[in-house]
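Remarks on the structure that follows.
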Amino acid sequence: ALSHAPASAPSNPSHFMKGAIIQLATGELKRVEDLQTQDFVRSAEVSGGLKIDSSMVVDIRASQQKPGLVSLHFTVGEQQSKVTIDVPPEHPFFVFGQGWSSCSPERTAQLYDLACHPLQVGDVCVSITLQQQP
Amino acid sequence: NVEPRSVPVFPWHSLVPFLAPTQSD
């Protein structure tokens with residue numbers, strides 16, 4: 001039996017665990033490690049309310065406010081908006097054409113058993129935002 | 001009498017960050 005897990009993420013989000021079942025907007029089910037860029041793009045198209053943005057990593061540094069976390073600086077979408085988020089180094093991001101990537105692939109593998117590339121400045125990550133209503 | 005084990009299914013959008021401009025410092 002399949003049960004729909006809440007989207008909100010606990011401290012160690014289990015949806016990044018290797019083998020986790022992900023439901024795309026098309027209804028298709030895929031394992032997290034098998035996802036491709038096109039799966040996200042297609043799901044955003046089908047969902048109607050969400051839009052995929054290209055978010056380029058422009059800076060990675062240790063977080064000043066929260067020890068142990070890293071501050072990721074992005075330029076987001078066509079407007080190149082500046083956005084900064086603080087995340088654990090093992091948090092995976094999906095990079096266009098590359099796949100799962102994180103600031104600490106070793107820790108990501110330990111925690112989630114999910115193979116990751118090193119996340120680097122210049123990588124373009126998949127992010128989402130609300131579709132602008134006309 | 002086997003108890004069915006439910007497998008959690010996560011929505012696709014829970015995997016990617018929601019980056020809206022208002023989040024910048």
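Within every chain, numbering begins at 1; the chains are lettered A, B, ... in the order of the sequence lines, protein sequences first and strands thereafter.
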Report task. Return yes if some donor-acceptor pair links the side-chain N/O of His13(B) with the main-chain N/O of Ile128(A) below 3.5 Å, else return no. Result -> no

Requested in this report: Treating Ile, Leu, Val, Met, Phe, Trp and Tyr as nodes and any side-chain heavy-atom pair under 4.5 angstrom as an edge, say whether Val46(A) and Leu130(A) lie in one connected cluster.
Outcome: no

Query - Nearest heavy atoms of Thr129(A) and Phe18(B), plus distance in Å - result: CA-CE1, 3.6 Å

**Report entry** Top contributor to chain B contacts, counting heavy-atom pairs under 4.5 Å, from Val126(A), Val87(A), Asp39(A)
**Finding:** Val126(A)

Report task. Pick one of side chain, backbone, both or neither for Leu50(A), based on which atoms fall under 4.5 Å of a heavy atom in chain B. Result -> side chain

Query - Residue pair Ile22(A), Leu15(B): steps toward the side-chain contact (heavy atoms from CB on, under 4.5 Å) verdict - result: CA-CA 9 Å; Ile22(A) 309 300; Leu15(B) 295 169; 3.8 Å; yes

Report task. Tell me, for Ser55(A) versus chain B, whether the close heavy atoms (under 4.5 Å) come from the side chain, the backbone, both or neither. Result -> side chain

Query raised in the report: At a heavy-atom separation under 4.5 Å, does Ile52(A) approach chain B through its side chain, its backbone, both, or neither?
Result: side chain

**Report entry** Leu69(A) reachable from Phe74(A) in the ILVMFWY side-chain graph, under 4.5 Å edges
**Finding:** no

Query - Least distance between heavy atoms, Trp12(B) atom then Ala25(A) atom - result: CD1-N, 3.6 Å

